[in-house]
Amino acid sequence: MARFGLPALLCTLAVLSASLLAAELKSKSCSEVRRLYVSKGFNKDDAPLHEINGDHLKICPQGYTCCSQEMEEKYSLQSTEDFKSVVGEQCDQLEAVFASQYTKFDEFFKELLENAEKSLNDMFVKTYGHLYMENSELFKDLFVELKRYYMAGNVNLEEMLNDFWAHLLERMFRLVNSQYSFTDEYLECVSKYTEQLKPFGDVPRKLKLQVTRAFVAARTFVQGLAVARDVVSKVSVVNPTAQCADALLKMIYCSHCQGLVTVKPCYNYCSNIMRGCLAYQGDVDSEWNSFIDAMLMVAERLEGPFNIESVMDPIDVKISDAIMNMQDNSVQVSQKVFQGCGPPKPATAGRISRDVSEIAFSARFRPHHPEERPTTAAGTSLDRLVTDVKEKLKQAKKFWSSLPSNVCNDERMAAGNGNEDDCWNGKAKSRYLFAVTGNGVSNQIDNPEVEVDGSKQDILILRQIMALRVMSNKIKNAYNGNDVDFFDISDENSGEGSGSGCENLRCFPKLENNSTDHAGKSANDKADSAGARPGAQPYLLAVFCILFLVMQREWR
């Protein structure tokens with residue numbers, strides 16, 4: 001036995017050494033993981049120096065790991081913050097674009113009005129002198145109302161312009177017939193002949209059409225830019241679900257637990273997680289694209305027949321031409337008024353201020369040609385502003401459906417699309433084998449990475465979709481030259497309540513399937529895409545009606 005004692009001892013020592021060596025190989029150093037963990041501001045005492053058993057891990061792969069329970073918990077919070085940061089950066093850029101465009105257009109339109117008023121005042125003071133100054137409040141009121149419409153929208157432009165020409169006729173009628181005395185009642189009779197006699201020629205009709213369409217388009221377009229800015233701001237606020245948060249941890253930091261600190265997530269793996277985490281944002285895309293298309297349509301109107309700059313720059317010349325026309329036809333106009341309203345009473349000698357020849361308006365002005373129009377407002381022109389914003393609008397289309405891919409294109413979030421083998425697939429450094437799902441909640445049923453409850457709805461997202469829908473409807477009305485804000489006010493003050501709003505919802509194609517027509521017949525028996533039961537349609541319709549009225553007021 002003694003002969004075999006030494007070999008047996010050596011064999012035993014060899015086996016023990018091999019076991020210790022194997023244990024040492026398995027217990028790799030975690031120094032690099034520890035260094036990166038501490039660099040994020042976390043406590044170094046959380047991180048082990050060597051790999052440990054990972055049975056405590058809840059999300060990351062178990063086995064030998066460089067992550068303690070505390071590390072996994074802190075990584076979970078950090079991965080959510082990383083996700084919000086990258087999404088926020090993408091959305092902040094778009095929000096800044098719309099905020100900048102809104103400011104530029106708003107400043108331009110306001111300054112355009114200021115310049116037009118100043119130009120008219122300077123021209124009329126120089127030409128008509130004290131006669132204009134004695135009646136200048138009439139013209140000041142015109143611009144006050146135009147500014148009020150642009151700022152608040154609660155002005156009926158057509159009625160306001162009709163009143164302006166009626167009052168101008170009263171003033172001029174009194175001036176060209178200064179040998180007579182007119183009561184207020186008589187002048188009211190005179191104003192009734194404005195349309196019939198056309199004392200100002202065709203200028204009032206043309207100017208009313210031009211001003212109404214241009215102001216409606218300009219104001220609605222600026223409103224649309226503000227709505228886009230606000231929708232981006234609100235939709236970009238993402239609060240990940242528990243399932244999304246777990247998937248983000250697994251994607252971004254679980255590789256660290258296995259010591260793979262330089263290996264980035266596979267692109268398609270990232271894409272599936274982003275589509276799951278941004279499922280509700282994806283549902284905004286359809287209404288967003290319709291809104292962008294409507295904005296582009298109105299932008300073309302601003303370049304063409306609804307160009308507010310081409311209307312306001314020469315407005316002083318147009319009004320002056322109307323005054324000249326009244327002066328040229330004053331005798332015929334007066335005779336017809338006397339026939340319709342009765343003979344006027346002669347004024348007393350002391351009240352005849354001057355002979356008609358002394359108040360004749362002799363000056364005439366040539367209108368500016370379009371190519372000679374100065375860049376009067378905000379150091380630019382409407383054409384240049386519209387050209388720039390059209391390009392921005394086109395780039396913003398499909399933003400929400402592209403957001404998951406844009407997030408994964410960020411090098412902080414995923415490996416390049418061509419690096420499909422040396423990337424983290426959620427379990428190991430290997431190729432990701434699952435197909436990429438589509439965008440939106442309904443497509444997440446097959447998402448292998450993030451479970452999305454399709455029966456739940458995000459109220460904030462629904463409200464932004466409604467805001468876009470309401471604004472698209474207003475933009476389409478503006479495209480046709482309709483003063484939609486004025487009609488909204490009439491409907492709301494008519495005592496019809498939400499019924500008026502529901503009627504307007506017929507203009508929204510995506511709500512037609514869930515609404516009931518005036519005859520009480522169901523437009524569609526199917527539940528809507530949100531999964532609502534048919535019996536819930538009256539309730540949903542009422543909610544949409546209320547949201548519609550709220551949004552109309554909000555964006556007014």
Side-chain angles (χ1 to χ4, degrees), residues 107-151 155 157-158 160-176 194 198-219 302 305-330 359-383:
E107 289 179 350
F108 177 85
F109 290 139
K110 288 177 180 176
E111 191 171 330
L112 183 67
L113 291 175
E114 292 291 339
N115 289 349
E117 182 177 13
K118 183 179 183 300
S119 177
L120 183 143
N121 185 71
D122 292 346
M123 176 186 288
F124 280 32
V125 166
K126 180 179 179 181
T127 306
Y128 305 128
H130 68 278
L131 280 179
Y132 164 71
M133 297 175 68
E134 288 175 354
N135 297 278
S136 61
E137 78 280 357
L138 180 64
F139 301 91
K140 290 179 181 178
D141 289 345
L142 170 64
F143 282 95
V144 166
E145 291 300 295
L146 290 175
K147 292 174 187 176
R148 189 158 71 91
Y149 173 80
Y150 174 75
M151 296 297 294
V155 175
L157 288 175
E158 291 191 9
M160 182 272 291
L161 290 168
N162 287 339
D163 289 343
F164 167 76
W165 292 110
H167 293 151
L168 182 59
L169 174 59
E170 292 176 11
R171 302 289 182 96
M172 289 196 63
F173 188 80
R174 178 177 281 167
L175 287 173
V176 298
T194 307
K198 299 189 182 305
F200 300 108
D202 207 29
V203 173
R205 184 190 66 81
K206 289 182 178 178
L207 193 60
K208 180 169 64 176
L209 184 63
Q210 293 169 348
V211 167
T212 299
R213 289 181 171 180
F215 270 77
V216 169
R219 181 174 185 273
L302 290 175
F306 296 0
N307 189 315
I308 191 173
E309 188 175 20
S310 66
V311 172
M312 294 308 296
D313 270 355
I315 194 170
D316 48 5
V317 176
K318 293 177 181 179
I319 294 176
S320 180
D321 285 343
I323 291 173
M324 299 302 168
N325 195 78
M326 168 64 185
Q327 173 66 14
D328 293 342
N329 298 291
S330 61
I359 63 168
F361 304 106
S362 58
R364 291 184 182 272
F365 303 92
R366 291 178 301 162
H368 298 292
H369 294 295
E371 63 270 19
E372 297 174 354
R373 290 207 311 270
T375 56
T376 53
T380 185
S381 71
L382 184 60
D383 291 341

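For the pair Leu302 and Asn307, the minimum side-chain heavy-atom distance is 4.5 Å or more. Contact of the Lys318 side chain with the Gln210 side chain is registered, since non-hydrogen atoms from C-beta on lie closer than 4.5 Å. At least one side-chain heavy atom of Leu138 sits under 4.5 Å from a side-chain heavy atom of Leu168. Looking at heavy atoms from C-beta onward, Ser136 lies out of side-chain contact with Phe124 at the 4.5 angstrom threshold. Side-chain contact between Phe143 and Leu120 is present, with at least one heavy-atom pair separated by less than 4.5 Å. Using a 4.5 Å cut-off on side-chain heavy atoms (C-beta onward), Glu309 and Asp383 make no contact.
Take Val125 and apply the side chain to side chain contact (heavy atoms under 4.5 Å, CB included) test, not counting sequence neighbours, and it matches Asn121, Tyr132, Met133. Every side-chain hydrogen bond (donor to acceptor under 3.5 Å, both in side chains) that Glu145 has, sequence neighbours left out, goes to Arg148. Under the side chain to side chain contact (heavy atoms under 4.5 Å, CB included) criterion, Arg205 pairs with Asp202, not counting sequence neighbours. In this structure Lys110 satisfies the salt bridge (charged side-chain N to carboxylate O under 4.0 Å, His left out) test together with Asp106, sequence neighbours excluded. Annotation: side-chain hydrogen bond (donor to acceptor under 3.5 Å, both in side chains) contacts of Glu158 (sequence neighbours excluded): none. By the side-chain hydrogen bond (donor to acceptor under 3.5 Å, both in side chains) test, Asp141 is found to be paired with no residue, residues two or more places apart in sequence or in another chain being considered. Every residue two or more places apart in sequence or in another chain that forms a ring-ring contact (aromatic ring centres under 6.0 Å, His included) with Phe200 is listed here: Trp165. Checked against side-chain hydrogen bond (donor to acceptor under 3.5 Å, both in side chains), Asp122 has the following partners two or more places apart in sequence or in another chain: Lys118. Contacts of Asn162 classified as side chain to side chain contact (heavy atoms under 4.5 Å, CB included), with partners at least two apart in sequence or in another chain: Glu195, Lys208. Applying the side chain to side chain contact (heavy atoms under 4.5 Å, CB included) rule to Phe215 yields the partners Leu113, Leu146, Tyr149, Leu157, Val211, Ile308, Met312; only residues at least two apart in sequence or on another chain are considered.
Smallest separation of non-hydrogen atoms from Pro204 and Gly201: CD-O, 3.6 Å. The shortest heavy-atom contact between Ala217 and Phe306 is CB-CD2, 3.8 Å. Heavy-atom minimum distance, Leu131 versus Leu175: CD2-CD2, 4.0 Å. The minimum heavy-atom distance between Ile319 and Phe139, with the atom names listed, is CG2-CE2, 3.9 Å. Closest non-hydrogen pair, Arg219 versus Met151, comes out as NH2-O, 4.0 Å. The heavy-atom pair separating Asp316 from Ser119 by the smallest distance is OD2-OG, 2.7 Å.
The distance from the CG atom of Leu169 to the CD1 atom of Ile323 is 11.5 Å, given to the nearest 0.5 Å. One finds the OH atom of Tyr128 at 12.0 Å from the CG atom of Asn135 (value rounded to the nearest 0.5 Å).
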**Report entry** Steps toward salt bridge (Lys or Arg N to Asp or Glu O under 4.0 Å) verdict (Glu117, Lys140)
**Finding:** CA-CA 8 Å; Glu117 182 177 13; Lys140 290 179 181 178; over 6 Å; no

